[in-house]
Amino acid sequence: MNMTATLKSDITPQGADYETVRQVIELITEDYRDQPSLEDIAARLKQPPTQLQKTFTRWAGLSPKAFLQAVTLDHAKRLLRQESMPLLETSIEIGLSGPGRLHDLFVTHEAMSPGEWKARGAGLTIRYGFHPSPFGQALVMATERGLAGLAFADDGNEQACLEDMTCRWPNAAYVRDQEATVAYADRIFDPGRWRPEEPLRIVLIGSDFQVRVWQALLRIPMGKAVTYSDIAGELGQPTASRAVGAAVGRNPISFVVPCHRALGKSGALTGYHWGLTRKRAMLGWEAGKA
DNA sequence: AGGCATGTTCTTG
DNA sequence: CAAGAACATGCCT
């Protein structure tokens, strides 16, 4: 967490690099069918290939080529196929009370009490800050009890992104606090720091059904994917796949609660609150890390 | 390609 | 409260 030194320069949109990375991701995910080469991409963005390569690799953790390979719809389908339903059998016990050990992030979580939920965040102080991430500016929100929100914005979009989040808990008090949130951002996007000894504490604020759906998402291991109807079945309501989709879409802690690992039954990436391009990027990023 | 059942949540009267 | 609409779905012509 010695990120404080670089914090200042990181907050101010150092736009150029991120914008480049964003464009590359977008271009690749849009045109992966053409399998564009590094040179093609560089030419489209009017940048020297070697520099583009370096910038992208530094931010995304893998080369443009590796990223391209990772991102194909085939890949998404393979994710579904390779696991012939272990999810249902592997179902892990999670007590609502005690912290449980969950998925690859070793996230511990607790849900808000019904009273707290009904208050729509009243009496809650939420600290927030924007930090750079491989998927754009990440909005990190935390309460005393742990990470409560994670959202993404493109450059210039920060305000809309913040509003999207704050209106979910309209009665909470919001304090901008880069220092309190940078440690979260730092850890979340560095898989080297996902350790069982130091679980990441998260707080799920939502209705009963939503929290159950999000808990189900937490059980999907990295590099795997499930369908919306898988989740519905796991909740004991096999016909509720659409309701599941709606709940997944309101996931307040994107990425950490891996809603990007939920796909349509055909393997198609059906939707993503922060943009389908980001969903593909996340799946590709995880494939690169695995 | 288009219609329809489905469960949850939000909005409206 | 009741009723209706909206949804990151899925199944059936």
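Naming: A, B, ... by sequence-line order, numbering from 1 per chain.
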Rounded off to whole Å, could you give me the [atom1]-to-[atom2] distance for the [X] and [N] pair?
X	N	atom1	atom2	result
Gln210(A)	dC10(B)	CD	C1'	11 Å
Trp214(A)	dT8(B)	CH2	P	15 Å
Phe209(A)	dT9(B)	CZ	C1'	10 Å

> Between Phe255(A) and Trp274(A), is the gap from one ring center to the other below 6.0 Å?
Replying inline: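 Not under 6.0 Å, so no.
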
> Do you know which two heavy atoms are closest between Leu38(A) and Pro64(A), and how far apart they sit?
Replying inline: CD1-CG, 4.1 Å

> Which pair of non-hydrogen atoms, one from Val256(A) and one from Leu200(A), has the smallest distance, and what is that distance?
Replying inline: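 Taking Val256(A) first and Leu200(A) second, the nearest heavy atoms are CG1-CD2, 4.0 Å.
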
Quick one, [X] and [Y] - any side-chain contact, counting heavy atoms below 4.5 Å?
X	Y	result
Met141(A)	Tyr184(A)	no
Arg278(A)	Asp154(A)	yes
Lys279(A)	Leu263(A)	yes
Ile205(A)	Trp169(A)	yes
Leu139(A)	Asp164(A)	no
Tyr228(A)	Thr270(A)	yes

> Mind checking which nucleotides bracket the chain A contacts on DNA chain C, 5' to 3', with an atom under 4.0 Å from a heavy atom?
Replying inline: dC7(C) to dC11(C)

> Want to know the stems of DNA chain B: at least 3 consecutive Watson-Crick or G-U pairs with distances under 3.5 Å, which are they?
Replying inline: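 Paired runs of 3+ in DNA chain B: B:1-5 with C:9-13, B:7-13 with C:1-7.
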
Atom pairs, protein N/O to nucleotides 3-5 of chain B N/O, distance under 3.5 Å:
unit_1	atom_1	unit_2	atom_2	d
dA5(B)	N6	Arg242(A)	NH1	3.3

> If you pin Arg250(A) and Ser241(A) to their nearest nucleotides in DNA chain B, which one's is more 5'?
Replying inline: Ser241(A)

>> One pair to check against side chain to side chain contact (heavy atoms under 4.5 Å, CB included): Phe189(A) and His131(A). What are the steps and the verdict?
In response: CA-CA 11 Å; Phe189(A) 299 108; His131(A) 304 279; over 6 Å; no

